[in-house]
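Reckoned from all heavy atoms, side chains included, excluding hydrogens, waters and symmetry mates. Everything numeric here is computed off the predicted structure, so don't read it as measured data.
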Amino acid sequence: MNKGRFEAFSDGVIAVIITIMVLEMKVPHGESVEALAPVIPVFLTYVLSFVYVGIYWNNHHHMLHTARHVNGGILWANLHLLFWLSLTPFVTGWMGENHAAAVPTAAYGGVLLLSAIAYTILQNAIIAAHGPDSKLAAAVEGDVKGKISLLLYAAAIPLAFVKPVIAIVLYVAVALLWLVPDRRIESRLQQ
């Protein structure tokens, strides 16, 4: 199957996710700078989530450049990823509105963890469809950043019940890890 509709659908869903997140932020009542204070936790959570969704969009885009075609397994794996990403606005709002309370912070981490697992499944489905000698397989061989991310998410979830700020620091750390451009796929595409 051609991958054009697949890419367009994914881009559309990700755009809607970002739109929903920003629409969830409520305008403060009042005209002073002090009126912004209650919105700051929501805004900071939004920024973190925006960065995460942007990272997924960017990596998804690069990963799809390695695919020549898609099949049913890839389509379902992609829907699985989009499902978990679509929960990002909910957990973003919940964590932000509750000032990083334990349960919302753990739920946020759960969505991050399950999104990362779903991304890994999609990556593996593309590799399975294109073979172990594919450009994607060569680019992600070993995938240290992916494994570290999964480990940090898994650690952050129970830590959210000990001290939510520790979990949030781990979420930020993973985001910073992925903000550093990952040139593995780009370098393989240029070969």
Side-chain angles (χ1 to χ4, degrees), residues 7-64 78-120 122 145-146 148-183:
E7 288 176 297
F9 177 75
S10 300
D11 286 349
V13 170
I14 290 171
V16 168
I17 290 167
I18 289 173
T19 302
I20 291 169
M21 283 190 320
V22 76
L23 291 176
E24 286 294 314
M25 290 196 313
K26 304 299 179 218
V27 176
H29 298 290
E31 56 191 53
S32 67
V33 175
E34 291 81 24
L36 292 173
V39 183
I40 291 172
V42 175
F43 177 73
L44 292 175
T45 307
Y46 166 77
V47 169
L48 180 60
S49 294
F50 184 91
V51 168
Y52 265 112
V53 173
I55 289 167
Y56 274 104
W57 177 79
N58 192 334
N59 288 324
H60 189 269
H61 172 77
H62 281 91
M63 182 169 57
L64 291 184
N78 192 62
L79 283 172
H80 180 231
L81 170 63
L82 294 175
F83 170 78
W84 291 111
L85 289 177
S86 74
L87 293 176
T88 302
F90 173 75
V91 292
T92 298
W94 195 22
M95 187 168 84
E97 287 288 333
N98 292 289
H99 305 277
V103 173
T105 302
Y108 187 87
V111 168
L112 291 176
L113 176 62
L114 292 167
S115 295
I117 290 169
Y119 185 88
T120 304
L122 174 60
K145 281 171 62 168
I148 289 171
S149 300
L150 290 168
L151 180 66
L152 290 177
Y153 292 144
I157 294 167
L159 286 171
F161 295 100
V162 176
K163 190 160 177 111
V165 72
I166 296 171
I168 293 168
V169 167
L170 291 176
Y171 303 152
V172 170
V174 174
L176 291 174
L177 178 69
W178 286 98
L179 273 179
V180 175
D182 189 353
R183 305 234 188 270

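- The heavy-atom pair separating Ala167 from Ala156 by the smallest distance is CB-O, 3.3 Å.
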Which donor-acceptor pairs under 3.5 Å do the side chains of residues 93-105 make with protein atoms, sequence neighbours left out?
{"unit_1": "Asn98", "atom_1": "ND2", "unit_2": "Trp94", "atom_2": "O", "d": "2.8"}
{"unit_1": "Thr105", "atom_1": "OG1", "unit_2": "Ala100", "atom_2": "O", "d": "3.3"}
{"unit_1": "Thr105", "atom_1": "OG1", "unit_2": "Ala101", "atom_2": "O", "d": "2.7"}

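- The ring pair (Phe, Tyr, Trp, His ring centres under 6.0 Å) pairs that include a residue from residues 12-35 number zero, where partners must be two or more places apart or lie in different chains.
- With sequence neighbours excluded, no residue satisfies side chain to side chain contact (heavy atoms under 4.5 Å, CB included) with Ala37.
- Between Leu122 atom CG and Ile117 atom CD1 the span is 14.0 Å, to the nearest 0.5 Å.
- Closest non-hydrogen pair, Phe9 versus Leu79, comes out as CE2-CD2, 3.7 Å.
- By the 4.5 Å heavy-atom criterion applied to side chains, Ser115 and Val111 are counted as neighbours.
- Among all heavy-atom pairs drawn from Ser149 and Leu177, the shortest one is OG-CD2, 4.0 Å.
- Atom CD1 of residue Ile168 and atom CG of residue Leu159 lie 12.0 Å apart, to the nearest 0.5 angstrom.
- Atoms CG and CG, from Leu85 and Leu81 in turn, are 4.5 Å apart once rounded to the nearest 0.5 Å.
- The nearest pair of heavy atoms linking Pro28 to Leu36 is CG-CD2, 3.7 Å.
- Among residues at least two apart or in separate chains, side chain to side chain donor-acceptor pair (under 3.5 Å) pairs with a member in residues 10-20 are Ser10-Asn78, Asp11-Trp57.
- Every residue two or more places apart in sequence or in another chain was checked for a side chain to side chain contact (heavy atoms under 4.5 Å, CB included) with Leu151, and none qualifies.
- Closest heavy-atom contact between Ala160 and Ala106: CB-N, 3.7 Å.
- When the side-chain hydrogen bond (donor to acceptor under 3.5 Å, both in side chains) test is applied to Glu31, no partner is found at least two apart in sequence or on another chain.
- Among residues two or more places apart in sequence or in another chain, the side chain to side chain contact (heavy atoms under 4.5 Å, CB included) test is passed with Leu64 by Phe6, Glu7, His60, Ile126.
- Judged as a side chain to side chain contact (heavy atoms under 4.5 Å, CB included), and not counting sequence neighbours, Lys26 has no contacts.
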Run the side-chain contact (heavy atoms from CB on, under 4.5 Å) check on Ile14 and Leu82 step by step: do they pass?
CA-CA 8 Å; Ile14 290 171; Leu82 294 175; 4.2 Å; yes
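- One distance of note links CG of Leu150 with OG1 of Thr120; it measures 5.0 Å at 0.5 Å rounding.
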Listed pairs under 3.5 Å, donor-acceptor, residues 39-56 side chains, sequence neighbours left out:
{"unit_1": "Thr45", "atom_1": "OG1", "unit_2": "Pro41", "atom_2": "O", "d": "2.8"}
{"unit_1": "Ser49", "atom_1": "OG", "unit_2": "Thr45", "atom_2": "O", "d": "3.2"}
{"unit_1": "Ser49", "atom_1": "OG", "unit_2": "Thr92", "atom_2": "OG1", "d": "2.5"}
{"unit_1": "Ser49", "atom_1": "OG", "unit_2": "Tyr108", "atom_2": "OH", "d": "2.7"}
{"unit_1": "Tyr52", "atom_1": "OH", "unit_2": "Tyr153", "atom_2": "OH", "d": "3.3"}
{"unit_1": "Tyr52", "atom_1": "OH", "unit_2": "Tyr171", "atom_2": "O", "d": "2.6"}
{"unit_1": "Tyr52", "atom_1": "OH", "unit_2": "Ala175", "atom_2": "N", "d": "3.4"}
{"unit_1": "Tyr56", "atom_1": "OH", "unit_2": "Ala116", "atom_2": "N", "d": "3.0"}

